[in-house]
Amino acid sequence: MSNGTFTVPAPKNEPIKDYLHSSPERLSLRHELDQLKRKVTAIPLVIGGEHLLTGARSQIFCPHNHSMAIAEHGLATPLQINQAIKIATETQKSWSKMAWWDRAAIFLKAADLLAGPYRSLMNAATMLCQSKTIYQAEIDAACELADFWRFNAGFMADIYQDQPFSPPGFWNRVSYRGLEGFVFAVSPFNFTSIALNLASAPAMMGSTVVWKPAHTSLLSSWIGLKILEEAGLPPGVIQMVMGDAPEIGRVVLESPELAGIHFTGSTATFNLLWQQVGQKIQHYKTYPRLVGETGGKDFIMAHPSADPEALVTALVRGAFEYQGQKCSAASRAYIPRSLWKRIRDTLVPMVQELKVGDPEDFSNFMGAVIDETSFNRISGWIERCRKDPKVNIIAGGECNREKGWFIRPTIIEALAPDVPTMKEELFGPVLTIYVYEDSDFEQALKYCESTSPYGLTGAIFAQDRRVIQSMSEALEYAAGNFYINDKPTGAVVGQQPFGGSRASGTNDKAGSRLNLLRWASARTIKETFVAPKTYEYPFMKGNPLE
């Protein structure tokens, strides 16, 4: 083994490209979009480094053009899932023993490959299969994923360098082992970066992974895994299996080798996984570590001293970027009566002007929601609101499924603070606003703090510093990521570690060393240089009665 104390290159956030007209990045992106649309990409299972195209297939369609198939993928059988578990468990022993700097080098190289030659391809796949505008794809699939791989390598080095005190005559140290067994990673459709980080963060720390990506974001997940393979990821470190989610979960949770679950998705699904693990707890070799980022009902709380222009911008961007399909999206807001007319008169026309359509048209602000199930759920909520006397739809509400799953950005004015759309996660382009009387500000703060069971993100708007302090204290547990005079979305790796508690998850903060610590098992080592040769202690010598 090489000798030396190695330092990871200092991570920096990947710069966001502008994609201006006729720019090199825009031309490259157009080329990749055209290439992807000319074929149906076949995506295999990946087990032990082998790419397996099964007989049973499922197709992936473009959300904004649901007649166009973009990819198809194989469906894992229980036998293949068990094979993935077996290979991951066997590979963990050798992978965990690889020098940490060699593991780091794989992900640092992958970041450079992503930010360079594969940037346009990854962005194009994310635009087509997840219906993201180029800006939303760029900040996610290119920049944030590269940031995860670079910053996590630095966090890993920091963890390993954190060593205990050693008094004279002793040498105390801590080594960090990968988890014994395998980690089950379950990823959502909405962020390419989150999907790859869920699989790669445990792997970086010496754990091995069985990964089930979301069906609708599988193309970008597959491209990311191929980048990791090109960067030198050994076979068997990350297995990718697709198919019926309950069936995959059933097989995985039956294995005594399950060492952890890294999850992003719905609160209900994570609760079910937690319950099933608890029921089988005596079956496992070790206590599985459960890390989950789940739902959100994220808020914007405005004080009468708020800057109206900044507030309107935060409402529009926070609620409607990527069709509101961010776990951090602003979906409820509390606005004082004294600001409401000015806010409404600016906000409503601005939202009505937002263009919705194919993300390849760069003038569009929004694309389509992810699939028919999502479309039906969100449009159903909107229809219920039309019949509810306690709410008024003041902007949007139009839903069109003719070509794609399009829902106009929708604003609902709530006449009571506890209407369903102020409490339930809709996960779509719907913002509900409750207008409170200025004299009821303290009560509105209580509504904001207690109406929803979630605790993911939230934002406050005020100019008075004393008010900012009091609002921050009142909402201390209402959001794991808390924003002052800014929208509650857009956490950046290395700057705002992400995660929430309450019904929003375990708050293990993706994009920080806190998350990586969950995928390592510490081993304390005490070495004594001159060992004692007798059991007697000094106080035992001499006259015992003196």
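Since we're looking at a predicted model, the values are computed, not measured.
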### Task
Would you check, one step at a time, whether the test side-chain hydrogen bond (donor to acceptor under 3.5 Å, both in side chains) holds for N507 with S501?
CA-CA 5 Å; N507 202 20; S501 54; 4.8 Å; no

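- Using a 4.5 Å cut-off on side-chain heavy atoms (C-beta onward), P409 and F365 make no contact.
- Distance alone, capped at 3.5 Å, places no donor-acceptor pair between the S220 side chain and the T126 backbone.
- Remark: the Y483 side chain and the Q496 side chain contain no N/O donor-acceptor pair separated by less than 3.5 Å.
- Residues M156 and W100 come closest through the heavy atom pair CE-O, 3.6 Å.
- A donor-acceptor contact closer than 3.5 angstrom is absent between the side chains of T208 and T91.
- Contact check for R103 versus W95: side-chain heavy atoms found under the 4.5 Å cut-off.
- A donor-acceptor contact closer than 3.5 angstrom links the side chains of N152 and N197.
- Within a 6.0 Å radius of CD in E527, other residues, nucleotides and ligands contribute more than 12 heavy atoms.
- Residues P63 and Q130 form no side-chain contact, since every pair of their non-hydrogen atoms from C-beta on lies 4.5 Å or further apart.
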### Task
Please step through side chain to side chain contact (heavy atoms under 4.5 Å, CB included) for the pair F270 and L290, ending with a clear verdict.
CA-CA 9 Å; F270 190 55; L290 306 181; 4.3 Å; yes

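- Between I238 and L225, the closest side-chain pair of non-hydrogen atoms falls below 4.5 Å.
- By the 4.5 Å heavy-atom criterion applied to side chains, M122 and L114 are counted as neighbours.
- Taking both residues in full, the closest heavy atoms of R173 and Q163 are given as CA-OE1, 3.2 Å, listed atom of the first, atom of the second, then distance.
- In this structure, E144 contributes its side chain and I139 its backbone to no donor-acceptor pair below 3.5 Å.
- A salt bridge links E90 with K86: the closest approach of a Lys/Arg side-chain nitrogen to an acidic carboxylate oxygen falls below 4.0 angstrom.
- At least one side-chain heavy atom of H215 sits under 4.5 Å from a side-chain heavy atom of H73.
- With F191 as the aromatic partner, K132 meets the cation-pi criteria of under 6.0 angstrom to the ring centre and within 45 degrees of the ring axis.
- W101 and F6 have perpendicular rings, their planes meeting at more than 60° on a 0 to 90° scale where under 30° would count as parallel.
- Remark: side-chain polar atoms of N481 are paired, donor with acceptor, to backbone N or O of G499 under 3.5 angstrom.
- Within the 4.5 Å cutoff, side-chain heavy atoms of Y284 are placed close to those of V277.
- A donor-acceptor distance shorter than 3.5 angstrom exists from the side chain of K509 to the backbone of G480, with no hydrogens or angles considered.
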### Task
Kindly determine whether F184 and K212 satisfy side chain to side chain contact (heavy atoms under 4.5 Å, CB included), including the steps that lead there.
CA-CA 8 Å; F184 182 38; K212 193 206 82 62; 4.2 Å; yes

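- In this structure, R289 contributes its side chain and V183 its backbone to no donor-acceptor pair below 3.5 Å.
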### Task
For side chain to side chain contact (heavy atoms under 4.5 Å, CB included), just list the numbers for W222 and H51, CA-CA rounded to whole Å, side-chain angles, deciding distance to a tenth of an Å, and then say yes or no.
CA-CA 11 Å; W222 164 233; H51 297 172; 3.6 Å; yes

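- Here the closest non-hydrogen pair linking A146 and A111 is O-CB, 3.9 Å.
- Side-chain atoms of S255 never come within 3.5 Å of backbone atoms of V251 as a donor-acceptor pair (strictly under, hydrogens ignored).
- For CD of E25, the number of neighbouring non-hydrogen atoms (other residues, nucleotides, ligands) closer than 6.0 Å is greater than 12.
- With 3.5 Å as the limit, one finds no donor-acceptor pair spanning the side chains of D140 and Y322.
- Rounded to the nearest 0.5 Å, atoms CZ (R518) and CG (D508) are 4.5 Å apart.
- The closest side-chain donor-acceptor pair between S328 and D298, if any, does not fall under 3.5 angstrom.
- Under the 30°/60° scheme for interplanar angles, the aromatic rings of F151 and F155 are found to be tilted.
- In the model, S521 has a side-chain atom that pairs as donor or acceptor with a side-chain atom of R177 under 3.5 Å.
- A donor-acceptor pair is defined here as one N or O able to donate and one able to accept, closer than 3.5 Å; such a pair exists between the side chain of Q323 and the backbone of S131.
- Residue F299 forms a side-chain contact (heavy atoms from CB on, under 4.5 Å) with just one option from T457, L456, L475, and that option is L475.
- No option in I106, V493, I227, L113 other than I227 meets the side-chain contact (heavy atoms from CB on, under 4.5 Å) test with W149.
- Judged by the 6.0 Å distance and 45° axis criteria, R30 is positioned over the aromatic ring of F362.
- Between T133 atom OG1 and D361 atom CG the span is 11.0 Å, to the nearest 0.5 Å.
- In this structure, the ring of H262 has its center less than 6.0 angstrom from the ring center of W519.
- Between the NZ atom of K297 and the OG1 atom of T267 there is a distance of 12.5 Å, given to the nearest 0.5 Å.
- Among the candidates T269, I194, I370, T294, the single residue satisfying the side-chain contact (heavy atoms from CB on, under 4.5 Å) test with P188 is I194.
- The closest side-chain donor-acceptor pair between S120 and E32, if any, does not fall under 3.5 angstrom.
- A distance of 10.5 Å separates CZ in F427 from OG in S331, rounded to the nearest 0.5 Å.
- Side chain of E138 to main chain of K17: a donor-acceptor pair is present (N/O by atom type, distance under 3.5 Å, no hydrogens or angles).
- Minimum heavy-atom separation, G48 to P235: O-CB, 3.5 Å.
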### Task
Could you walk me through whether E360 and L128 pass the side chain to side chain contact (heavy atoms under 4.5 Å, CB included) test, one step at a time?
CA-CA 8 Å; E360 289 189 64; L128 288 174; 3.8 Å; yes

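- Of the possible polar contacts, one joining the S200 side chain to the L196 backbone as a donor-acceptor pair under 3.5 Å is found.
- A salt bridge is defined here as a Lys NZ or Arg NE, NH1 or NH2 lying under 4.0 Å from an Asp or Glu carboxylate O, and K93 with E257 fails to meet this definition.
- Atom CG of D147 and atom OG of S193 lie 9.0 Å apart (nearest 0.5 Å).
- Here the closest heavy-atom approach between residue Y176 and residue D162 is recorded as OH-O, 3.6 Å.
- A distance of 5.0 Å separates CD1 in I159 from CG in L516, rounded to the nearest 0.5 Å.
- Here the side chains of I261 and W274 are not in contact, with every heavy-atom distance at 4.5 Å or above.
- Considering all non-hydrogen atoms of both residues, C448 and R332 come closest at O-NH1, 3.1 Å.
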